[in-house]
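All of these numbers come straight from a predicted model, not from anything done at the bench. Below, chains carry the letters A, B, ... as their sequence lines are ordered, and counting in each starts from 1.
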Amino acid sequence: MSNIENYLAPSSIEDAAAALAAGPATIVAGGTDLMLQTGSGQKTYAPTLINIQKITEMRGISKDGDTIRIGALTTITDLLTDAIIAEHLPVLATMADKFASDQIRNASSIGGNICNASPAGDSIVPMLMYKAEVVLVASTGTRKVPLNEFFTGPGKSVIQENELLIGVDIAVPPAGFKGGFGKFGPRPALEIAMASVSVGGVVKDGVISDVRVAFGAVAPTPIRSAETEVALEGKKLDEETISAAGEVASSSVNPITDVRASDWYRRHLIRVMTEEILNDVS
Amino acid sequence: MDQIVEKPETLIGKPIPKPDAPDKVVGKTTYINDMVLPRMLIAKIKRTDRVHAKILSVDISEAEKVPGIVAIATAENSPKGLIGVLKDNPPLKGDKVRCIRDEIAGVAGETEEAVDEALNLIKVEYEDLPTVFDPEEALKDDAPLIHDNKPGNLSLTFDFDHGDIKKAEKDSDIVLEEKYELHYVTHTCMGPGCVIADFDTHGKLTIYTQTQYPYNYKMDLAPALDIPAGDIRVIQPPVGGAFGSKLDVYPFEPIAVYLAKKARRPVKLFFSREEEFIASPTRQPARVYIKQGAKKDGTITFRDVNVYLNNGGYTSWGATIPAVMMRTMTGHFRIPNVEFHSKAVYTNNPFAGSFRGYGNVQATYVTATLMDKMAEELGMNPIEFRLKNAQKPGERTPQNSLLKTAALADCIKIGAEKTDFLEKHTANVAAREKPGRIRQGIGIATSIHNAGGAKIHKSDGCGTILTMDDYGRATVITGASEIGQGIDAVITQLVSEELGIPTSDVIIANNDSAIGPWDVGVHASRTTFIAGNAARNAAVKAKHQILAAAARQSNVSADQLDLRGGHVVQKDNGVSVTKLDRLLRAMHFAGDDAELVMVSEYYEPPSELEDKNHVGDISAAYSHGAYITELEVDTLTGGVKLHKMTCVQDVGKVINKLGIEGQMEGGIAQGIGYGLSEELIIEEGIVKNPNFRDYKVVTAPEMPEIECHFIEDDEETGPFGAKGISELPCIIPGASIANAVYNAIGVRFDNPPITPEKIVRALHGDKVEAAE
């Protein structure tokens, strides 16, 4: 039985933070994960349900100097069509084009995809690659947490009960930065990743630097792979480097076997997609 | 001046939209799941969490106290009748549970919340029993017994033999022996299970159900209810799909009735999507051992088939699928010597039911891939080997199916020509040796299915009543159910054609067993053929009555008259004799001579029951199909991308072009799912993927281009020459894909679905071993 006692729909971040300070609450944005999880009993509602969709300042993409802010309520569809994303963070658009279905992209928010903290969360992997920071607001103040320090386990993160994730900040990548995103599932659409990969770096004269590598669905949380980054940093992107990086990538992860894929197949896909992206950017 | 009515173009073969489609598109249709009756209660089922256990106690005392709970049914306080083909399934389990979907109690209450709370408060104590999940293991002497009165865990067996396979094996130049493991899939109907039960004050039951066999449903339901079958009225509201899944009575239906009786109020019991995956029937998984021999010249000498079906805990119609499976195993291609033996075996898995294709999906996957393997062994190409063994018109199969037209060879030849099959097939094999990540493949599969009904009951008939009102409209009351397959459109078309009235002037009534005449049900690809014949014959009778009356009114004899564009006309010049509606009123209001146009027809097809040795020409017609798949395989990820499916389908005659194309496309989507992605994963009796996230149905982007070529060979006994073909489109694609994947990468998969991981493991097996 649903135990929701209060429903709130604040129109400002300040009001939302005040509501969160008042006691345990469940936040709903697009609801594409929440509805399924509460419906199946995997998650239960807190006494207060806060619909944050009316906080218009939390939706949209803006650029201030070298920092791009993606509001938490920005939808996946927004990422596909936004000019700032297309110019500076194109890998997020690539990701959005592989995300679920049109209907789900229209409803799903970036903030929700992050807070759901799924090991397979599509948007998280390229944002790790872009070194995003999440912006958390409480009635007591605001803090920023690097995305690769945000997750603590499947469905778990460092966000506190009184905090609202209002957006992510991403520094504009340096000149010459190239990246890619790959995701594999048996279907081209409406698919949860068996494994996903995002790789990026500055490619100059065939040499890659400032390398960032992120993986999804191969660990309890989406992860950065320091080992793969080291294997690539400062190297010429030739066949040998790419193949070696694929090998490191695949052996650096320790995924589980479940109904979707075996651990071996997930490692295999990590290698294939890492090499594929490196070939694309080289 | 005489009004001339031009002869309109025939409606047969034209694309006629389904009459129910617009309401469905705009969301106006009231599906059974949407229905609300006054004072109706909501009900759900408490299921077990064990796969095999003795029930020690069921305590509902706390659940009964929940405010809003009106009735709780358990084995102890409910009728003891059994359901299922072998009457082995108590709707509510009292002594033991045999699989994970077993029903402990039904709870009815004012709100879903109250019912959910009560379900959580029902306490059950169990003593776990030893389990068995594999059919061959379950046959062993020391296996746990699932039903005390079913020794050896044997449910149903089918055995057929013809000729002498031992001698034929000795005379063969080559013999192939293979083992196939065919998996669990489920129907994934868009409308999950739902039933509404309502008693009147006389104690008679009205049941609103998704059933696709309303008349025999009464007979199967009554024993579980302790009421006569005649006291049951079956109403069929629109359903969100059936595909064979509604061809039996399942425990949730009597449970809803028990609750309605206790509560003295209407009760609606419905499944969640997860429950639909766990508690609705599946296709029968099969382990098939098959041996086939041939002469060097490519002549098949024999087949020897042994099938073990995983029946699960109870026997539903799924256990009878060998009746259809056998027809393909013994009669698809000329098989002079053949044996077929099948055993459906009880295990602690969820039980299987019937599913579009009815055993032929499994049989076709096996035979069509085996034909390819044998062609290669013989050094023949897949087309040549098939043509060598295709029957000719007029031949009979070992089970006595008469192949009147035998379009098999034509299907194969046309398919091969349309796709440049041999050139591509050869080129793809050669390309396997060259470097490259992406491999192209082409493959063919063929099958046969009954297409003029299937006489498995004492009657395979369909009743129809046709009446005309005072305004020239026809109402057709048919026994045939509309479960989305499109029979309403077909009947509309056939009746419009005969009566010369617009399709919009035909009304179909077929959702109430108190009104409709008997029909055996929607199954066996029979409805267009059987119900179509019944409707057409009724329309012909009505036409005779109308023309006779028109002849009496005019000076023209009936055989010189016709119905056209809402008029009675002179056949030769189209001159209107009278408007049809005016004539109908004149007939109706004729004093002592008053007559209504009101005719009936019971159509029984010219087919025969099988004898005890499974010999009998069970269908008035048979249909063949040859489907060719073109695809590519990504050898690194294992991903398969379908380019095109070219389907040559023998249909007798196209009635509704839109309808038949829709059935082809829908069936092909199911067939692709069977071959590539769909699998209900069951481990130790537990369904591991009861959701659409992990049960991979085919979605729009994976659908290939579909090119249909219909062979119209005018079946003499069909309505306007039509055969029924609704199952073949889902039967053939899986095997066609498997053969195309082999052509691309040189690897066989005898254990569908052919998932990307299976492909990668097969191609990179050495690395797998190193890693594990």
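With B:Phe271 as the aromatic partner, B:Arg47 meets the cation-pi criteria of under 6.0 angstrom to the ring centre and within 45 degrees of the ring axis.
Residues passing the ring-ring contact (aromatic ring centres under 6.0 Å, His included) test with B:Tyr674, sequence neighbours excluded: B:His183.
Contacts between A:Val259 and chain B at a heavy-atom distance below 4.5 Å involve backbone atoms as well as side-chain atoms. Heavy atoms of B:Glu757 lying under 4.5 Å from chain A belong to its backbone as well as its side chain. With a 4.5 angstrom heavy-atom cutoff, B:Ile681 touches chain A only via side-chain atoms. Contacts of B:Val115 with chain A are absent, with no heavy-atom separation under 4.5 Å from either backbone or side chain. Contacts of B:Thr755 with chain A are absent, with no heavy-atom separation under 4.5 Å from either backbone or side chain.
Counting heavy-atom pairs closer than 4.5 Å to chain A, the top-ranked of the candidates B:Arg437, B:Lys641, B:Glu679 is B:Arg437. Your options are B:Leu676, B:Thr637, B:Asn689, and the one with the most heavy-atom pairs under 4.5 Å with chain A is B:Thr637. Of the listed residues (A:Ala189, A:Ala261, A:Pro188), the greatest number of heavy-atom pairs within a distance under 4.5 Å of chain B belongs to A:Pro188.
Between B:His187 and B:Glu276, the closest side-chain pair of non-hydrogen atoms is not below 4.5 Å. The shortest distance between side-chain heavy atoms of A:Arg105 and A:Asp97 falls below 4.5 Å.
Ring geometry, A:Phe184 versus A:Tyr265: the interplanar angle exceeds 60°, so the pair is classed perpendicular (tilted spans 30 to 60°).
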* Asked: Checking side chain to side chain donor-acceptor pair (under 3.5 Å) for the pair A:Asn279/A:Ser282: CA distance, chi angles, key distance, verdict?
  -> CA-CA 5 Å; A:Asn279 277 314; A:Ser282 69; 4.6 Å; no

